[in-house]
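Notes follow the structure.
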Amino acid sequence: GRLYPGHGPVVEDGRKLINEYIDHRMARLKQVQDILGSHPLKPWRKDKIAANIYPSLPEELRLPAIYNTERVLLALLNQGTVEMKTDDASGEILWSLVKERL
């Protein structure tokens with residue numbers, strides 16, 4: 001059916017667009033898991049994960065990219081796929097795959 005978004009044109013094939021959004025989201029979840037799994041003993045900062053996902057991103061888009069990466073990390077945290085901890089020395093939040101998933 002049609003979608004009538006709050007802005008922009010009417011979307012004639014709403015189901016297709018929603019499926020594209022879901023596919024994109026699933027790909028991003030997997031991409032973050034793959035990055036964390038590439039060095040399973042090393043916890044990651046969210047900005048470093050974002051830099052791996054978006055290596056050539058202009059500086060003005062870095063903060064939105066980090067924000068989006070954090071949203072993905074929180075979704076994975078809710079699924080029990082990743083864990084976060086605070087580094088005692090720096091106070092930074094670090095992310096890693098849950099050990100049982102390695």
Side-chain angles (χ1 to χ4, degrees):
R2 281 190 190 131
L3 291 178
Y4 297 92
H7 57 84
V10 171
V11 177
E12 293 299 329
D13 191 349
R15 184 177 305 254
K16 179 182 176 201
L17 181 63
I18 289 170
N19 285 332
E20 288 171 0
Y21 283 153
I22 291 169
D23 290 346
H24 177 77
R25 175 66 170 199
M26 298 307 292
R28 184 68 74 227
L29 291 168
K30 182 176 180 338
Q31 188 176 25
V32 169
Q33 288 178 67
D34 289 348
I35 289 169
L36 293 173
S38 68
H39 298 285
L41 301 178
K42 169 189 160 190
W44 290 72
R45 293 187 343 226
K46 64 185 177 185
D47 62 316
K48 297 298 183 187
I49 298 168
N52 273 267
I53 295 171
Y54 310 103
S56 59
L57 198 63
E59 186 60 36
E60 64 270 13
L61 296 177
R62 292 249 178 245
L63 283 179
I66 293 167
Y67 176 83
N68 286 339
T69 300
E70 184 177 45
R71 303 279 72 77
V72 171
L73 287 163
L74 291 171
L76 291 169
L77 180 67
N78 287 334
Q79 292 176 2
T81 304
V82 302
E83 57 192 6
M84 68 178 201
K85 66 177 185 174
T86 303
D87 182 84
D88 292 332
S90 67
E92 295 177 318
I93 295 176
L94 302 174
W95 299 87
S96 58
L97 290 175
V98 171
K99 303 299 183 240
E100 295 82 40
R101 301 222 180 226
L102 296 177

In Å, rounded to the nearest 0.5 Å, how long is the span from [atom1] of [X] to [atom2] of [Y]?
X   : Y   : atom1 : atom2 : answer
Q33 : Q79 : CD    : CD    : 7.0 Å
R28 : I53 : CZ    : CD1   : 5.5 Å
N52 : W44 : CG    : CH2   : 4.5 Å

Write down the atom of [X], the atom of [Y], and the distance for their closest heavy-atom approach.
X   : Y   : answer
L29 : A75 : CD2-CB, 4.2 Å
V32 : V72 : CG2-CG1, 3.6 Å
E83 : L97 : OE2-O, 3.8 Å
P40 : G37 : CD-O, 3.3 Å
L94 : P43 : CB-CB, 3.6 Å

Next item on the list: May I have the step-by-step check of side chain to side chain contact (heavy atoms under 4.5 Å, CB included) for K16 and N19, ending in yes or no?
Entry: CA-CA 5 Å; K16 179 182 176 201; N19 285 332; 5.8 Å; no

Treat each ILVMFWY residue as a node, draw an edge where side-chain heavy atoms are under 4.5 Å apart, and state whether [X] and [Y] are in one component.
X   : Y   : answer
I66 : L77 : no
V10 : L17 : no
M26 : Y54 : yes

Check: Can you tell if the side chain of M84 reaches within under 4.5 Å of the side chain of L73, non-hydrogen atoms only?
Finding: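 M84 vs L73: side chains apart.
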
Next item on the list: Sorted by first residue and then second, give each side-chain hydrogen bond (donor to acceptor under 3.5 Å, both in side chains) pair with at least one member in residues 57-68; sequence neighbours left out.
Entry: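 Not a single pair qualifies under side-chain hydrogen bond (donor to acceptor under 3.5 Å, both in side chains).
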
Margin query: Using a 6.0 Å cut-off, check whether atom CG of N78 has over 12 heavy atoms from anything other than its own residue.
Written below: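 It does: N78 CG has more than 12 such atoms within range.
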
Check: Please walk me through it: do I93 and K46 pass side chain to side chain contact (heavy atoms under 4.5 Å, CB included)?
Finding: CA-CA 8 Å; I93 295 176; K46 64 185 177 185; over 6 Å; no

Note to self: My understanding is that only one of D47, I35, L74, I49 makes a side-chain contact (heavy atoms from CB on, under 4.5 Å) with T69; could you say which?
What the structure shows: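 The single option meeting the side-chain contact (heavy atoms from CB on, under 4.5 Å) with T69 is I49.
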
